[in-house]
Amino acid sequence: METGRQTWRKSSYSSTNGGDCVEVATGAPCVAIRDSKNPDGAVLTVNRVRFEEFINSLSM
């Protein structure tokens with residue numbers, strides 16, 4: 001997944017005061033995840049279906 005041209009987004013619960021946040025960029029079939037404080041750092045790429053299952057499991 002090419003991450004340089006992706007649209008990154010943070011949770012609406014994230015504040016702008018430099019807290020601990022992650023950003024995600026979606027693209028079939030993967031989701032890219034990075035530390036918002038270090039946008040040029042490492043990017044974790046996971047399967048989109050598995051990521052959705054993970055997120056859905058948090059709201060149960």
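Only a predicted model underlies this, so the values are computations on that prediction, with no experimental measurement involved.
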TODO: Using the test side chain to side chain contact (heavy atoms under 4.5 Å, CB included), find all partners of Val22 that sit at least two apart in sequence or belong to another chain.
DONE: Ile33
Task: Non-hydrogen side-chain atoms of Phe54 and Asn47 separated by less than 4.5 Å - done: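 Phe54 vs Asn47: side chains apart.
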TODO: Could I get the full list of salt bridge (charged side-chain N to carboxylate O under 4.0 Å, His left out) partners for Arg9, not counting sequence neighbours?
DONE: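 For Arg9, no residue satisfies salt bridge (charged side-chain N to carboxylate O under 4.0 Å, His left out) once neighbours in sequence are set aside.
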TODO: Verify, without hydrogens or angle tests, whether Ser36 (side chain) and Cys21 (backbone) share a donor-acceptor contact under 3.5 angstrom.
DONE: yes
Task: Cationic N near anionic O, under 4.0 Å, Glu23 to Arg34 - done: yes
Open item on the list: Tell me whether Leu58 shares a hydrophobic cluster with Leu44, the cluster being built from Ile, Leu, Val, Met, Phe, Trp, Tyr side chains joined at under 4.5 Å.
Closed with: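 In one cluster with Leu58: Leu44, yes.
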TODO: Evaluate whether atom CZ of Arg48 has more than 12 neighbouring non-hydrogen atoms of other residues, nucleotides or ligands under 6.0 angstrom away.
DONE: yes
Open item on the list: Checking Phe51 against Asn56 for the side chain to side chain contact (heavy atoms under 4.5 Å, CB included) test, could you report, in this order, the C-alpha distance in whole Å, the side-chain angles of both residues, the deciding distance, and whether it holds?
Closed with: CA-CA 9 Å; Phe51 184 74; Asn56 290 335; over 6 Å; no
